[in-house]
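Beneath this line is the structure, given in structure tokens, with notes to follow.
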Amino acid sequence: MSRRAELTRNTKETQVSVGVDLDGGSVEVSTGIGFFDHMLTAFGFYARMGLCVKVTGDLHVDGHHTVEDTGIVLGQAIREALGSREGIRRFGSCYVPMDEALTFTALDFSNRPYLVFDAEMPQERIGEYDSCLTVEFMRALAVNAGLTLHQRCLYGANAHHITEGLFKSLGMAVRDAVQVTGGGVTSTKGVL
């Protein structure tokens with residue numbers, strides 16, 4: 001059973017192409033925002049998924065459309081690759097320490113999108129990346145993947161470390177949640 005998807009989204013603001021393989025592969029990311037590339041690469045690596053992301057966006061405006069639209073298409077691709085979600089573990093969680101910062105992600109591929117995000121960013125920018133875009137990416141991802149997503153920074157003083165911890169813990173939680181552990185749907189309702 002193939003758990004792959006390739007999707008594109010073209011608007012007047014961005015052109016986004018995403019390919020995912022939930023069962024592994026190489027990670028290649030190019031969004032035009034160096035720090036965001038670094039975060040998506042970390043996500044793909046720790047999720048142990050094949051991930052190809054190519055984005056051209058209106059970076060002369062700012063990074064918002066690029067980051068949010070990437071979250072939209074990545075979420076849609078993960079949703080498509082999961083198919084009926086039969087046999088997946090469904091839930092995942094992970095703590096990640098990054099130097100002085102400690103972050104946590106808990107998630108459920110419930111098909112009921114929801115985001116709880118509790119992570120203050122001490123610095124406004126990380127290179128060319130606005131640190132406030134992390135919550136925008138996570139919201140777009142959760143809504144489009146059908147994902148209940150809770151993320152928290154328990155403490156931290158460096159926005160780079162906090163953001164990286166959030167992306168890494170997201171990847172590791174996704175890795176656990178999409179594992180095929182049996183047959184049928186993991187729900188007492190019998191459907192997700």
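For residues 50-63, the side-chain hydrogen bond (donor to acceptor under 3.5 Å, both in side chains) pairs, not counting sequence neighbours, are D58-H65. Here ring-ring contact (aromatic ring centres under 6.0 Å, His included) pairs that include residues 84-143, with residues two or more places apart or in two chains, are F35-Y129, F36-F137, Y95-F104, F137-F167. Each ring-ring contact (aromatic ring centres under 6.0 Å, His included) pair with one or both residues in residues 173-192, not counting sequence neighbours, would appear here, but there are none.
Evaluation of the side chain to side chain contact (heavy atoms under 4.5 Å, CB included) rule for S84 yields E86 as partners, not counting sequence neighbours. When the side-chain hydrogen bond (donor to acceptor under 3.5 Å, both in side chains) test is applied to T148, the partners found at least two apart in sequence or on another chain are S110. Under the rule for a side chain to side chain contact (heavy atoms under 4.5 Å, CB included), the partners of A173 that lie at least two apart in sequence or sit in another chain are T105, L107. Residues satisfying the salt bridge (charged side-chain N to carboxylate O under 4.0 Å, His left out) criterion with E136, sequence neighbours excluded, are R139. Every residue two or more places apart in sequence or in another chain that forms a side chain to side chain contact (heavy atoms under 4.5 Å, CB included) with V27 is listed here: V29, T41, L51. Remark: R79 pairs with no residue by the salt bridge (charged side-chain N to carboxylate O under 4.0 Å, His left out) rule, at least two apart or across chains. Evaluation of the salt bridge (charged side-chain N to carboxylate O under 4.0 Å, His left out) rule for R112 yields no partner, not counting sequence neighbours. A search for side-chain hydrogen bond (donor to acceptor under 3.5 Å, both in side chains) contacts involving R90 returns D108, not counting sequence neighbours. Applying the salt bridge (charged side-chain N to carboxylate O under 4.0 Å, His left out) rule to E128 yields the partners R125; only residues at least two apart in sequence or on another chain are considered.
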